[in-house]
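Residue numbering restarts at 1 for every chain, and letters A, B, ... go by the order of the sequence lines. These values consider heavy atoms only, across backbone and side chains, with no hydrogens, waters or symmetry-generated copies.
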Number of protein chains: 4
Amino acid sequence: MTSRKQEKFEMILDAAEKVIAENGFHGSQVSKIAKEAGVADGTIYLYFKNKEDILISLFQDRLGKLVDLFNSSIRDTSTADEALRKICEIHLSQLEQNVDLAYVTQIELRQSSLELRKAIGLAVKPYIVLIEQVLIRGIEEGSFRADLDTKLTRQLIFGALDEVVTSWLISGMKYSMTEQVEHTVDFFLRGLK
Amino acid sequence: MTSRKQEKFEMILDAAEKVIAENGFHGSQVSKIAKEAGVADGTIYLYFKNKEDILISLFQDRLGKLVDLFNSSIRDTSTADEALRKICEIHLSQLEQNVDLAYVTQIELRQSSLELRKAIGLAVKPYIVLIEQVLIRGIEEGSFRADLDTKLTRQLIFGALDEVVTSWLISGMKYSMTEQVEHTVDFFLRGLK
Amino acid sequence: MTSRKQEKFEMILDAAEKVIAENGFHGSQVSKIAKEAGVADGTIYLYFKNKEDILISLFQDRLGKLVDLFNSSIRDTSTADEALRKICEIHLSQLEQNVDLAYVTQIELRQSSLELRKAIGLAVKPYIVLIEQVLIRGIEEGSFRADLDTKLTRQLIFGALDEVVTSWLISGMKYSMTEQVEHTVDFFLRGLK
Amino acid sequence: MTSRKQEKFEMILDAAEKVIAENGFHGSQVSKIAKEAGVADGTIYLYFKNKEDILISLFQDRLGKLVDLFNSSIRDTSTADEALRKICEIHLSQLEQNVDLAYVTQIELRQSSLELRKAIGLAVKPYIVLIEQVLIRGIEEGSFRADLDTKLTRQLIFGALDEVVTSWLISGMKYSMTEQVEHTVDFFLRGLK
DNA sequence: CATGAATGAGCCTTCATTCAT
DNA sequence: GATGAATGAAGGCTCATTCAT
């Protein structure tokens, strides 16, 4: 019963992702998402409060899964250096492998109301915190500088990675982001030491 | 005649900046901008092709002035290190001193159509290139690593700075960005060496 | 079996009255009535043809009980004057004592479709006829003028009483309608003589 | 210029009256009113705040004209009796001659939200007050009883007249209301003496 | 050059009713 | 008999742009 509800919930999210990727944020009407999901317009509102709620849920769901992936990957690392490398690797490779997701999160969802952007900000926070935890771990390990401003630095790292993905998309995905992991990690680690 | 045209052109841009800062992107109708500028709605269309053209022009004008400021400031520097420091200083201090401008460029103008965002991307390009030129200069001076991927690194630096400003705005401008210049430059320079 | 059906039928009517009094006509969805009655949405349709049928039934049921009350009260009167006084007394006191009912019949149910209003008109008819019977009785008793247009006068009396209740509700029930019975009856009786 | 605005304002009100009379309250979409008035949908909103505002304005305009008519007619009367007779005459004859208006005010506009009904109540108030002024004049002239409750009696008279018109409409306008003036006035005057 | 009244396309959401379980 | 998830039609309002004056 609950699994059936969950199932339809995800069907609608999948449909929303596809529709937004194909039609852009402003071209994605609720009716289009409903059609893609194979349900009636009204059904959408049994699972989501309103259109904005679909978008927020989409972002939370996708980002939540990524953060889970980050967490489990980092657990197996023996040094903060390795953990940071994992973060960069996953961040860039995951979005490279999910172009629809990358397009929706980097380009389309940002064209939204302030309200929605705040909700998205909340969903991103756990990831930013995760980065900071790695920084703290590095300091404790004695591997990173003790005088780092961890709150500032987590922003520098997140912003840099975020821009790499956006630029890659806008350029038309003409190159491989995976190849950029090494240089990116290198830049960060030198900055941290 | 032309100077009169130029005058009204800038009046409209000033009005647009003020209206967007006060009402947000979605609350900024052409009629509101016209009223703020003291002209009729139709007059707007004697100076701009359409609404998008106002926004693009606004971004180009403001960013153009910033790039001029960057260029002249860098001209007087004796090392690439100093030039990069100047860039960070100006980037953060200028936007800290022009909250309206910061708000409009970092938050509001990003809620726009893909079309507009591409145009904004073009306007940002000269600034990104400027950063790259400093990187090249540093390599030539022997101050920065020769194996830097300058195209990647310029993105890392721009993205990091961009995120610092956005976070500062979203946090409610509770702290001073100027105080963050030192740590930020430090992080970059270590990454570059 | 039938009594069980009757029981649930009345539970739904009671729920409808309460929901309409609390939420107004336009705020009274079938689902809300079902919830208040403690049954599923679909169950409503086992007892009523459609939503309109609930409202008509509600009106008929409540008015029917009132008309019964009118009839039994009038039966015990010895003159037409006394009968008319009884009518006014019951009309105003009953609605004063049942604010929910008054609100629903005078304000909310009138915001309905023509279809529904016609059905309501039919339900009111017996009451109007009752008034006319008292008028005829008065003429036969020689107490009222013989030249009365009974069909017109029954409307004048009903309309006047109806307006008294509506005004009382709209004014916020700041005074007692019972205190107005005397003057009202007085006005009618003089008009009838 | 202002007269042109006034002209279009009235064109829209005329269109609204016609559309509502033909299609009923719930069948009167803004687009239908716009089409009937020969303007674009959006134009409606240059003259009215929203759909409700059209209806309120319609009621105010029509009732305002009626109240003007009442006032000027009463001015020429020499006794309160004559004034009351004028009120009944105009009330019934005007609505008999304007079936569309009668239908809209007595039937359709009452199927509206509480908000709208309150606004309508305000528009009716001046007319109710006018009736009361005649009552007071009658008392002062020594023609009506001094112990009349004028606030109650004005409601009785208004409610009675209102019901006469509604009944006439619902019955299918099968008889003449003008013929009922005499009996109606007679009933009222006896009640007042 | 400037005006501003007029245009009209476009979309989210509600809720009475149904029907498979 | 009872359930409640699913349906899908329907409409008020905004606002960028035009064009007659």
remark   = C/F48 meets the ring-ring contact (aromatic ring centres under 6.0 Å, His included) criterion, sequence neighbours left out, with C/F9
query = For the residue pair B/I44 and B/I54, what are the closest heavy atoms and their distance?
reply = CG2-CD1, 3.7 Å
task = Could you list the residues that satisfy salt bridge (Lys or Arg N to Asp or Glu O under 4.0 Å) with D/D53, not counting sequence neighbours?
result = none
query = Could you state the CE-P distance from D/M11 to E/dA5, rounded to the nearest angstrom?
reply = 17 Å
query = Base, sugar-phosphate, or nothing: which does D/F48 touch, judged by heavy atoms less than 4.0 Å apart?
reply = nothing
request  = Take the protein atom NZ of D/K5 and the nucleotide atom C1' of E/dA5, then report the distance between them rounded to whole Å.
outcome  = 8 Å
query = For DNA chain F, what is the dot-bracket line, given that a base pair needs Watson-Crick (N1 to N3, plus N6-O4 or O6-N4) or G-U wobble (N1-O2 and O6-N3) geometry with both distances under 3.5 Å, and | means paired with another strand?
reply = .||||||||||||||||||||
inquiry  = From CG of B/N23 over to P of F/dC15, roughly how many Å is that when rounded to an integer?
reply    = 11 Å
inquiry  = What is the distance, to the nearest angstrom, from the CG atom on D/L46 to the C1' atom on E/dT7?
reply    = 9 Å
ask   = Within the structure shown, what part of the strands sits under 4.0 Å from A/K8 by heavy-atom distance: base, sugar-phosphate, or nothing?
value = sugar-phosphate
request  = Please collect all salt bridge (Lys or Arg N to Asp or Glu O under 4.0 Å) contacts where either partner lies in residues 31-49 of chain A, sequence neighbours excluded, each pair once.
outcome  = A/K18-A/E36
message = Please determine whether a side-chain nitrogen or oxygen atom of C/Y47 lies at a distance below 4.0 Å from atom OP1 or OP2 of F/dA2.
response = yes
ask   = Tell me: CZ of D/F25 to C1' of F/dG11, nearest whole Å?
value = 13 Å
request  = Applying salt bridge (Lys or Arg N to Asp or Glu O under 4.0 Å), name anything that partners C/K8, two or more places apart in sequence or on another chain.
outcome  = none
ask   = Rounded to the Å, how far apart are C/E7 CD and F/dG1 P?
value = 14 Å
message = Please report the distance, rounded to the nearest Å, between CD1 in D/I33 and P in F/dG12.
response = 8 Å
Any side-chain donor near an acceptor of the partner, B/D162 and B/Q106, under 3.5 Å = yes
message = Between B/K35 and E/dG4, is there a contact of a side-chain N or O with OP1 or OP2 at under 4.0 Å?
response = no
inquiry  = Output the rounded distance in Å from CD1 (A/I54) to C1' (E/dC11).
reply    = 13 Å
ask   = Mind checking what makes salt bridge (Lys or Arg N to Asp or Glu O under 4.0 Å) contact with A/D100, not counting sequence neighbours?
value = none
remark   = Expected string for nucleotides 14-21 of chain E under the B/S/- scheme (protein heavy atoms, under 4.0 Å, primed atoms plus P, OP1, OP2 as sugar-phosphate) is BSSBB---
inquiry  = Holding to salt bridge (Lys or Arg N to Asp or Glu O under 4.0 Å), I want the full list of residues that pass it with C/K125, two or more places apart in sequence or in another chain.
reply    = none
query = What pairs with D/T43 under side chain to side chain donor-acceptor pair (under 3.5 Å), at least two apart in sequence or on another chain?
reply = none
